[in-house]
**Student:** 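Got a structure here, written out as structure tokens. Questions coming.
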Amino acid sequence: MKCRKGSAVLIIRVGDPFCRNCFREYFMHKFRAMLGKNRIIFPGEKVLLAVSGGPASSAMLRQVQEGLSRETAKKLRFIPSVIYVDEGAVRGQSPAQREQSLACMETLLQATGFPYYLVHLEQALELPASILRPGPATPSEPGVSYKEAVEGFIQQQRQKGYGDKDSGTSLPGAGSGESPEGAPAAPRLPAAALTQELLKLFEAVQTMTAKEELLQMLRTHLILQTARTKGYTKVMTGETCTRVAIKLLTNLALGRGAFLAVDTGFKDNRHGDVMVVRPLREYMAKEIAFYNHFFDVPTVIAPPLPTKRRDKPSFRHVVESFLLGLQKDFPSTISTVYRTGEKLSADRAKPSCEAERCLLCLCALDLDGEEELALEPTLIIDEPELERNGCCQDPLAAWAERKSAYIPLLCYGCRLTFKELVRLLVWSGVFSLGTGVPIPTALLLQGPVTTLPPYVRAEAQRRIHR
Amino acid sequence: MAAPVSLQVEFGGGAEFLFDGVKKHQVTLPCQPEPWDIRNLLQWIKQNLLKERPELFMQGESVRPGILVLINEADWELMGELDYKLQDQDTVLFISTLHGG
């Protein structure tokens, strides 16, 4: 223990216990050091904090609040706003429970004084196709060095005096948080029809692994859309070291090995104009939990995705139990996996032109030749059985063509996910043919197309027809 | 013969979902021949508080890895973990760091 005064309350590394105050200093220093070391967030830059209400992102929000209220030398100098994506629909919450979670979240966000956006996952169905294209890189970065930018900013601040101090509160909340202070209106839920449509999308996905991937994709795109339309150039997310280690191994298993560095690194620049930054990467989940508990960081924990399987529901769950189980007996497991991930380069994921970019994850297509051959049969295997049925040959052929037309647009990992996204209808089609029940042509025509979000379909069509 | 022990048992970080969403439980452990420790408490919780899916909370005789334990606001790793002898009016908090989805 550093101070030799307080009583030990927490142990992070063996033989190195913390008292409350030392832990608080250590925790806050780590956050500023992470941002300072990487020199990515420029003074005065608009940064969107992606907050789910969970422990890590709530701790991140608190760190930004603490950082902005510090004395000048250590002060954070960017302009934060918060975005919360309500995923209640797919997490099995009733409308009443969703309203309640939203209200809790809104109270929590209002208390920060930062502008905030409340977004519903349903809104992903209304995203524009352009979200799947990278934006033009921000001009500020290559020109000005970080040091010059900081110095310029400090000078500006001196001239202006204290003017900018509460710029954080100058904008009222957007989204459904637009109501004036004092009378917080009940957050409105999206139309029931839209919720149904979203649920259909998720019900069509059979495996939990693919559901998690789909949820993550929709969430990322929604956050990106808000960042783009509201002029944010950075998004901060709250992945901890524990999460990063789990994601590294999960993504390996998902066939996303080529993109580990962008999927888990400190910065993720695949979208071009908006950079995703992960400032909590060096915190263990344990540090976060203790910090939140000791310093009363409010959280709103969302229920997990519903699953029918009792054990091993998804790759991520399996990896999580594996790593945490190992960590229990070998306390450096997680940090070793994490540090191994640090050595990976992001170059492999950088596409040289748009045609080489994966439709779903925007990384460079990682398939050349052999791997493609190995995967292709597993994708096509579902289809011939349907084609044997003569009566609806035409729609089926059109469907198969469409489904296979998507394949070249996707990277290896996304092909596997895509396969899961479109599987249910293939399967139910076979089932119905087997029992001799006539299938309405409309259902068959739906194919993969309706089990994908509209913006993905639109962008795929644009690319296919080019 | 140890006297009955009154405890505040709390759950957080999502662990409360396994206990009907109730975060704070006031419990009284009955008399038993040997003194109450965390090991016994976990068995008692499993039999008396845990309604379903014990595998999400317990593993063997301990908590599942990823669930943190605080005894009177301090890390149980500093207190002897399973062997900590419970005192009357202790607070035991379980925080899940496992990811919901």
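Naming convention: chains lettered A, B, ... in sequence-line order (proteins, then strands); numbering from 1 in each chain.
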**Student:** First locate atom CG of A/Leu215, then atom CZ of A/Arg91, and finally report the distance between them rounded to the nearest 0.5 Å.
**Tutor:**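 Result: 5.5 Å between the selected atoms.
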**Student:** Is the positively charged end of A/Arg62 above the ring of A/Phe295, judged by distance under 6.0 angstrom from the centroid and angle within 45° of the axis?
**Tutor:**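 Checked: cation-pi criterion not met.
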**Student:** Quick one: what part of A/Lys328 sits under 4.5 Å from any heavy atom of chain B, side chain, backbone, both or neither?
**Tutor:**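 A/Lys328 touches chain B through side-chain heavy atoms alone.
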**Student:** Tell me, side chain or backbone of B/Glu55 under 4.5 Å from chain A's heavy atoms, or both, or neither?
**Tutor:**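 B/Glu55 touches chain A through side-chain heavy atoms alone.
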**Student:** Under 4.5 Å from any heavy atom of chain A, what part of B/Ile71 do you find: side chain, backbone, both or neither?
**Tutor:**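 For B/Ile71, neither part sits under 4.5 Å from chain A.
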**Student:** Any side-chain heavy-atom pair from A/Pro453 and A/Leu201 closer than 4.5 angstrom?
**Tutor:**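 Yes. Closest side-chain heavy atoms under 4.5 Å.
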**Student:** Report which part of B/Arg53 has an atom under 4.5 Å of a heavy atom belonging to chain A: side chain, backbone, both, or neither.
**Tutor:**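 When you check distances to chain A, atoms from both the backbone and side chain of B/Arg53 fall under 4.5 Å.
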**Student:** So what's closer than 4.5 Å to chain A heavy atoms on B/Leu56: side chain, backbone, both or neither?
**Tutor:**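 Nothing of B/Leu56, per the 4.5 Å heavy-atom cut-off to chain A.
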**Student:** Decide, yes or no, whether a salt bridge links A/Glu282 with A/Lys30 under the criterion of side-chain N to carboxylate O below 4.0 Å.
**Tutor:**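 Here A/Glu282 does not pair with A/Lys30 in a salt bridge, since their nearest N and O are not under 4.0 Å apart.
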**Student:** Are A/Asp263 and A/Lys247 ion-paired here, with the side-chain N under 4.0 Å from a carboxylate O?
**Tutor:**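 Judged by the 4.0 Å cut-off on N to carboxylate O distance, A/Asp263 and A/Lys247 do not form a salt bridge.
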**Student:** With a 4.5 angstrom heavy-atom cut-off, is it the side chain or the backbone of A/Ser321 that approaches chain B, or both, or neither?
**Tutor:**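 A/Ser321 touches chain B through side-chain heavy atoms alone.
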